[in-house]
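A note on names: the letters A, B, ... follow the listed sequences, proteins ahead of strands, and every chain is numbered from 1.
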2 protein chains.
Amino acid sequence: MRVPRAEREQQMLAAAEAVFAERGFRAASMEEIAARVGVTKPMLYEYFGSKDGLLVACIARASAELFARTGRAHADARDPEHRVRDGVRVFFDFIAGHGAAWSVLRSESALGTGPAADAVERLRRQQSDQLAAVLREHPPLAGRPPTSLAAYAAVVVGACERLAARQGTARALSPAEATDVVMETVWTGLGSA
Amino acid sequence: MRVPRAEREQQMLAAAEAVFAERGFRAASMEEIAARVGVTKPMLYEYFGSKDGLLVACIARASAELFARTGRAHADARDPEHRVRDGVRVFFDFIAGHGAAWSVLRSESALGTGPAADAVERLRRQQSDQLAAVLREHPPLAGRPPTSLAAYAAVVVGACERLAARQGTARALSPAEATDVVMETVWTGLGSA
DNA sequence: CACCGTACCTTACCGGGAGTAAGTTCGAGT
DNA sequence: ACTCGAACTTACTCCCGGTAAGGTACGGTG
């Protein structure tokens with residue numbers, strides 16, 4: 001059956017996300033992704049250019065989703081502390097709900113260096129910048145130079161990621177617990193920095 | 001020229017580390033690594049079993065090196081705060097000096113799931129446990145359950161990693177600056193947790 | 001010294017998956 | 001109804017991880 005491009009692309013992204021999550025990026029074959037959509041390989045190349053391109057597109061989609069959610073959380077919260085807390089909470093909820101998408105997002109280093117890796121790094125920056133902007137509103141940090149804020153944001157993001165990566169390995173923390181741990185360790189420090 | 005196994009293995013690990021760092025794990029070819037050592041492919045398979053095996057061996061070596069250094073730093077420092085600070089500092093110095101080794105170490109997710117990934121995860125845990133042990137000696141955290149200490153350790157490790165990953169992307173922080181940022185944000189929080 | 005076993009090393013191959021060239025069919029717009 | 005482009009396929013190539021089978025130097029033993 002013939003299907004318009006926009007729709008096909010979404011099907012492909014969904015299938016790719018699933019297969020990448022099941023088999024891991026390396027073991028996933030373009031053949032299987034195509035088959036799952038009911039199409040053949042060259043279509044994937046027509047629309048996404050390469051296997052890396054497909055991965056990047058998956059990451060971009062998941063990342064946009066996460067970005068939108070944290071953005072909404074920030075907008076709804078009433079002060080910087082709650083903005084950070086709620087944003088972190090949304091992150092852990094997102095992981096809990098979309099384990100597959102997340103494991104794809106984390107495949108960053110599967111693409112070594114190159115344009116694809118750069119694209120991922122840009123998305124990552126977007127997320128960090130969003131957080132840095134929130135931190136700037138926090139009185140104790142108000143006067144800090146952007147570089148400094150970016151570094152603090154990086155610390156928070158790193159803490160979240162590493163904690164999230166532990167899910168499935170060690171005894172998992174609930175989203176609520178994980179959020180508490182991050183805020184306990186990091187927020188107090190940011191206040192007195 | 002014929003060379004004994006132990007020595008050859010070291011040559012191979014050095015070459016692999018370099019090629020993985022230059023090209024990225026996926027783009028690196030066993031052929032090139034072998035050629036750089038002055039040997040042919042089957043030797044690599046004889047000694048390391050597979051491409052993943054070779055990566056794991058590289059990671060194990062770099063990881064052992066880092067582990068030894070942080071261990072030494074912990075032993076030399078006089079109280080928990082300095083143990084953590086010096087350990088973090090050693091980490092950033094390690095990155096600054098061994099960029100190649102680090103980029104290999106970070107390839108964790110290049111190997112999806114499977115026994116190889118498990119091996120890497122064990123090494124990672126080793127590092128986290130070392131830090132958790134130091135944290136246990138910090139009075140405010142003395143009574144905490146191991147799970148909790150492990151989570152705090154994960155936060156610190158994540159913060160360090162993410163900050164390290166920014167080197168080369170944004171304006172880089174010096175090891176000293178990076179250490180200060182981590183301690184400022186995280187240590188204060190750990191004291192009052 | 002001559003022999004032999006072992007460890008180091010090679011050549012020559014296979015299979016599979018990424019990526020592509022060229023051609024086919026459906027369907028929307030005039 | 002005819003065209004023209006977008007959606008789609010078949011049928012390849014090439015590269016690379018991995019392997020089978022065999023060759024060659026070197027230490028030990030009679």
Side-chain angles (χ1 to χ4, degrees), chain A residues 1-59 104 107 110-117 119, chain B residues 1-59 104 107 110-117 119:
Chain A
M1 314 157 196
R2 230 135 220 254
V3 165
R5 175 166 185 155
E7 189 178 339
R8 248 319 172 232
E9 280 177 347
Q10 293 306 312
Q11 295 175 3
M12 286 171 173
L13 289 174
E17 196 174 300
V19 175
F20 287 157
E22 276 173 36
R23 306 235 189 280
F25 178 73
R26 276 175 46 211
S29 87
M30 294 295 267
E31 205 76 51
E32 178 176 359
I33 295 168
R36 216 174 270 205
V37 177
V39 147
T40 51
K41 232 184 348 166
M43 290 308 299
L44 289 173
Y45 285 92
E46 179 73 25
Y47 291 166
F48 297 100
S50 67
K51 195 182 182 184
D52 284 3
L54 183 54
L55 176 61
V56 169
C58 283
I59 292 175
V104 167
S107 314
L111 4 105
T113 48
Chain B
M1 313 151 190
R2 229 135 219 251
V3 165
R5 176 165 187 156
E7 188 178 339
R8 218 23 135 200
E9 280 177 346
Q10 293 307 312
Q11 294 175 3
M12 287 171 173
L13 289 174
E17 197 174 297
V19 176
F20 287 156
E22 275 172 37
R23 306 232 188 283
F25 177 72
R26 276 174 46 213
S29 87
M30 294 295 268
E31 205 77 49
E32 179 176 357
I33 295 168
R36 217 174 268 206
V37 176
V39 150
T40 50
K41 235 188 337 171
M43 290 308 299
L44 289 173
Y45 286 91
E46 178 74 24
Y47 291 166
F48 296 100
S50 68
K51 194 182 182 183
D52 284 4
L54 183 55
L55 176 61
V56 170
C58 282
I59 292 175
V104 168
S107 312
L111 6 102
T113 48

Note to self: Rounded to whole Å, how long is the line connecting atom CD of B:Glu7 with atom C1' of C:dC8?
What the structure shows: 13 Å
Next item on the list: Check the pair A:Phe25 / A:Leu54 against side-chain contact (heavy atoms from CB on, under 4.5 Å), numbers first and verdict last.
Entry: CA-CA 11 Å; A:Phe25 178 73; A:Leu54 183 54; over 6 Å; no
Item checked: Distance, rounded to the nearest Å, where A:Glu9 contributes CD and D:dA7 contributes P -> 9 Å
Notebook entry, point to check: What is the distance from CE of B:Met43 to P of C:dT10, rounded to the nearest Å?
Noted result: 7 Å
Next item on the list: Considering non-hydrogen atoms only, spot the tightest contact between A:Val56 and A:Ala119 and give its length.
Entry: CG1-CB, 3.9 Å
Notebook entry, point to check: Between B:Met1 (CE) and D:dC26 (P), how many Å, whole number?
Noted result: 12 Å
Notebook entry, point to check: How would you list, by chain and number, every residue that makes a side chain to side chain contact (heavy atoms under 4.5 Å, CB included) with B:Ala117, sequence neighbours excluded?
Noted result: B:Leu111
Checklist line | Closest heavy-atom pair and its distance - A:Ile33, A:Phe20 | finding: CD1-CE2, 3.9 Å
Got a list of protein N/O to nucleotides 27-29 of chain D N/O distances below 3.5 Å?
none

Check: So, is A:Tyr47 near the phosphate of D:dA6, with a side-chain N or O under 4.0 Å from OP1 or OP2?
Finding: no
Checklist line | Angle between terminal axes - the helix from C:dC1-D:dG30 to C:dT30-D:dA1, 5 pairs each end, rounded to 10° | finding: 0°
Next item on the list: Can you check each nucleotide of nucleotides 10-20 of chain D against protein heavy atoms at under 4.0 Å and return B for base, S for sugar-phosphate only, - for none, in 5' to 3' order?
Entry: B------BBBB
Notebook entry, point to check: Restricting to pairs with a member in residues 2-14 of chain A, which pass side-chain hydrogen bond (donor to acceptor under 3.5 Å, both in side chains), not counting sequence neighbours?
Noted result: A:Arg5-A:Glu9, A:Arg8-A:Gln11, A:Gln10-A:Arg61
Distance-only check: which donor-acceptor pairs under 3.5 Å involve side-chain atoms of residues 36-48 of chain A, not counting sequence neighbours?
from: A:Arg36; atom 1: NH1; to: A:Glu22; atom 2: OE2; distance (Å): 3.1
from: A:Arg36; atom 1: NH2; to: A:Glu22; atom 2: OE1; distance (Å): 3.3
from: A:Arg36; atom 1: NH2; to: A:Glu32; atom 2: OE2; distance (Å): 2.7

Notebook entry, point to check: In whole angstrom, what separates A:Ile33's CD1 from C:dG17's C1'?
Noted result: 12 Å
Next item on the list: Return the residues of residues 12-19 of chain A meeting this criterion: a heavy atom under 4.0 Å from some atom of DNA chain D. Order them by number, or give none.
Entry: none
Margin query: Walk along nucleotides 23-30 of chain C from 5' to 3' and tag each nucleotide B, S or - by protein heavy-atom contact under 4.0 Å, base first, then sugar-phosphate.
Written below: --BB----
Next item on the list: List for me each residue that meets side chain to side chain donor-acceptor pair (under 3.5 Å) alongside A:Glu31, sequence neighbours excluded, and say none if there are none.
Entry: none
Check: Just to confirm, is there a sub-4.0 Å distance from OP1 or OP2 of D:dC8 to any side-chain nitrogen or oxygen of A:Arg5?
Finding: no
